[in-house]
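Here is the structure we will look at, set down as structure tokens.
Along the sequence shown, residues carry numbers from 1. All heavy atoms count here, side chains included; hydrogens, waters and symmetry mates do not.
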Amino acid sequence: MEVFTFEKSYLERLKEAEAVLSWEGAVMPASQVRSEWKSYVELKIEPAGWQAIWKIPRVICEDLKLRYPTIVYGYVEQVIFDELKAVFVVTAVQDNDVHLPESNEVSLVELWPTVQQENTALNVDTTAECIDRLRFFYTHVWMPWDKDYDDDRDWVQQHLQARIQLVCDLSKNRLPRPLALHMRTLLTEAKYIQQRLDYLELDLSDAESDDEAVELSDNAAEPIKRQSKAGSANGSLNVSSLPVTDLMCLHLRMAIIRSEFEILENPEMRRAYSELQSNSLKRLRCSSGKSTQSEDLLVERNPISHVVTLPGKLQDQLELLKLAQTLIKTDSHVQLSNTLQDVLSVCQSNDDILLSPGEHTIKFLEHLNDNGSLRGLSNPKAILTPSTDFSLLPVVCSSDEDSTLLVIDGDYTLSELVLDCRHVRRGILLRNGTLTMRGCRMLGDGSSSTQEGIVCMPGASAELKSCLIENFAVGVSMRPKSSAELGNVQFITCKTGLELLEKTTSVNLQGSKCSFENCALGILADGFALGEQKTEKALVLNKFSELQRFNEDNLLGNCSFYNCKKNVRVYHESGQLLAQRSHQQLLEDELGGENKENIQMV
């Protein structure tokens with residue numbers, strides 16, 4: 001089935017929002033904005049009976065231990081206009097392992113009406129367009145902190161046009177790339193924090209209601225428990241035993257994001273911020289002995305090998321330099337550096353980076369490309385030994401507010417490293433080119449149902465040799481028309497080891513030495529043609545060779561499975577809830593923070 005999609009220009013979006021928020025009062029306070037949208041929705045949306053796809057938010061997927069993104073099909077039983085929500089009844093799921101309450105209270109912006117409707121008398125076109133306008137506004141224009149604005153300020157005059165212009169600038173790459181990525185990261189984090197806050201506060205209110213019910217029920221033998229809504233943060237989302245403490249930390253982080261974003265929202269302040277970044281980069285280049293003839297582009301030069309070492313004893317440093325000497329070409333220029341973050345800020349294409357053992361924390365918002373490399377100064381065997389002390393290995397990690405550890409947009413090589421991804425939602429996002437990994441270990445948090453190790457976008461390719469990927473929700477996710485060659489790669493304790501999200505993905509498991517150990521599901525294959533004789537929506541297979549029969553051209557090699565609950569699961573393409581075009585759009589929508597927005601602007 002197909003869902004409605006709309007591509008509109010910046011001017012069209014602005015006029016639509018202005019039409020909705022054309023209040024007769026002299027000043028449109030932030031508190032009035034939601035009321036205007038309620039009135040608009042009441043006029044445009046069918047009150048009940050229309051079919052839609054629900055894309056379950058990440059927070060709910062984490063709470064219910066579901067893959068992300070997870071989509072389900074159903075119909076709207078009732079629209080709750082005052083809250084901009086709907087009572088959604090689930091009638092079909094893609095995965096039979098997904099268990100949801102039949103009736104769920106969901107936000108309207110999480111629903112995509114389908115083109116085909118059982119009741120053809122419904123005005124679903126207008127409903128879909130109304131939700132599209134609402135979704136654009138609350139995704140790109142309205143900020144989570146806007147509801148706290150003072151009522152004596154004109155929100156529309158102060159923010160509406162500036163915010164939509166900012167979306168246009170971001171989508172058209174009119175901002176310096178580091179600044180654009182930084183702002184997208186802030187927005188993504190703020191929206192995720194707001195979802196967390198909503199569900200944590202809902203959980204606390206439910207708990208308080210339960211306590212009151214127990215006090216009022218003197219004759220109750222056991223406490224009275226309320227039936228929770230889908231997505232309420234019961235249990236798994238409340239990592240801390242003190243939810244109030246979690247709320248305080250989230251509110252504090254939101255306040256920090258708000259203060260920074262409000263500065264960057266102003267075009268003049270953005271310009272000053274970019275100049276400050278440029279001046280800092282120039283000073284860093286000067287300290288590294290690099291030319292500063294251009295503020296925007298580094299002057300072409302020969303490749304440099306950057307050696308990054310952490311403080312240590314002199315003898316240890318000499319040993320590291322001796323090891324580096326064996327890895328660097330004799331005619332290469334060498335630069336000794338203090339931190340990996342500094343090197344990433346100044347390195348150019350074809351530069352090599354060598355890391356000493358120890359933890360190297362980064363917050364890198366650019367991408368790596370053009371035949372460069374990042375390599376650890378360590379014994380390759382020690383990297384893949386589970387019991388090895390991490391302090392003795394070169395470890396790359398990120399601060400806990402980042403969404404992706406490394407973004408690759410071209411050819412790049414990673415060797416003899418530990419990538420600690422426990423504080424990020426995604427380890428590596430491979431946009432384009434070829435990623436080569438040798439002797440690397442990637443470590444997830446082991447608890448999230450949405451965390452991904454490597455995501456290969458369409459057209460990208462990955463070559464992994466002697467690597468260990470453990471404790472991820474999805475070890476490697478292959479998007480349509482991507483490819484991978486895996487040799488002696490171990491997937492350990494992943495919910496899903498290898499994910500093939502379309503039949504056009506190409507995978508070669510070289511040497512038959514790849515293995516899946518203690519995974520809930522070894523390999524997931526989605527959208528495969530199982531033949532006319534196969535009426536099942538999904539099949540469970542024991543061997544990779546059984547999967548190869550359904551896609552012989554794109555699946556080569558072999559692998560082993562050890563103690564996996566299910567070895568291979570393949571979904572029939574005819575059993576998809578969505579048409580391929582719609583499915584791909586919703587699948588890539590979550591990566592909007594790292595990629596250009598899918599919005600046509602003028």
Side-chain angles (χ1 to χ4, degrees), residues 30-31 33-34 57-59 62 107 109 135-150 153 155 158-160 162-171 175-202 233 237 239-240 243-274 276-277 280 341 361-366 397-405 407 423-426 429 448 450 589-595 597:
S31 59
V33 171
R34 190 174 183 87
R58 178 184 290 274
V59 169
E62 291 176 345
S107 174
V109 299
R135 180 164 40 242
F136 177 86
F137 180 83
Y138 278 101
T139 300
H140 300 288
V141 183
W142 184 261
M143 298 299 160
W145 51 81
D146 283 341
K147 59 184 176 61
D148 299 324
Y149 264 83
D150 297 332
R153 301 169 67 181
W155 185 92
Q158 189 168 0
H159 294 292
L160 180 60
R163 295 262 177 88
I164 299 182
Q165 182 64 55
L166 176 59
V167 176
C168 177
D169 291 344
L170 286 171
S171 67
L175 302 181
R177 184 175 179 84
L179 175 61
L181 289 172
H182 179 54
M183 296 186 72
R184 287 192 179 116
T185 301
L186 289 177
L187 286 172
T188 301
E189 184 184 358
K191 289 176 172 57
Y192 178 76
I193 288 176
Q194 186 58 51
Q195 290 181 339
R196 287 283 307 274
L197 286 170
D198 290 342
Y199 290 114
L200 282 173
E201 289 168 352
L202 176 63
L237 199 58
V239 178
S240 170
V244 175
T245 304
D246 291 344
L247 287 172
M248 292 174 60
C249 293
L250 291 173
H251 278 295
L252 177 60
R253 178 58 188 161
M254 182 71 84
I256 295 173
I257 294 175
R258 172 181 176 175
S259 62
E260 184 171 359
F261 194 85
E262 285 181 340
I263 294 175
L264 298 177
E265 184 180 328
N266 185 300
E268 295 300 323
M269 296 304 294
R270 285 203 299 271
R271 188 176 298 109
Y273 180 89
S274 297
L276 182 62
Q277 274 193 328
S280 299
Q341 181 68 51
T361 302
I362 62 172
K363 185 177 177 64
F364 185 54
L365 300 176
E366 263 286 1
C397 59
S398 181
S399 55
D400 56 3
E401 67 265 19
D402 292 341
S403 60
T404 303
L405 181 61
V407 180
H423 294 305
V424 296
R425 293 199 296 269
R426 189 181 305 110
L429 175 60
S448 172
T450 66
D589 178 65
E590 188 267 336
L591 294 176
E594 288 84 4
N595 293 290
E597 304 290 346

_What's the separation between atom CD1 in I257 and atom OG1 in T185, rounded to the nearest 0.5 Å?_
10.0 Å
*How many angstroms lie between OH in Y138 and CD in Q194, if you round to the nearest 0.5 Å?*
12.0 Å
*asked:* Are H159 and W142 packed together at the side-chain level, in the sense that at least one heavy-atom pair is separated by less than 4.5 angstrom?
replied: no
*For the atom pair OG1 (T361) and NE2 (H423), what is the distance rounded to the nearest 0.5 Å?*
8.5 Å
*Hey, does the side chain of R426 reach the backbone of L405 with a donor-acceptor pair shorter than 3.5 angstrom?*
no
_Taking every non-hydrogen atom, the tightest pair across S398 and V424_ = CB-CG1, 3.8 Å
*Between R163 and V141, which heavy-atom pair has the shortest distance, and what is it?*
NH1-O, 2.7 Å
*Quick one: pull up OH in Y192 and CZ in R253 and give me the separation to the nearest 0.5 Å.*
13.5 Å
_Working to the nearest 0.5 angstrom, can you tell me the gap between W155 CH2 and M143 CE?_
8.5 Å
_Smallest separation among heavy atoms of Q158 and R153, with atom names_ = NE2-NH2, 3.0 Å
_Closest non-hydrogen atom pair, A190 against P144_ = O-CG, 3.8 Å
_Side chain to side chain, S403 and E189, heavy atoms closer than 4.5 Å_ = no
*Find out whether D198 and V59 are in side-chain contact, i.e. whether some heavy atom of one side chain is under 4.5 Å from a heavy atom of the other.*
no
*How many angstroms lie between atom CD1 of I164 and atom NE2 of H140, to the nearest 0.5 angstrom?*
10.5 Å
_Quick one: does any side-chain atom of R58 pair with a main-chain N or O of Q195 as donor and acceptor, under 3.5 Å?_
no
_Shortest non-hydrogen separation from R270 to L179 and the atoms involved_ = O-CD2, 4.1 Å
*Which pair of non-hydrogen atoms, one from I263 and one from S259, has the smallest distance, and what is that distance?*
CG1-O, 3.4 Å
*Student check: side-chain heavy atoms of M183 and D169 closer than 4.5 Å*: no
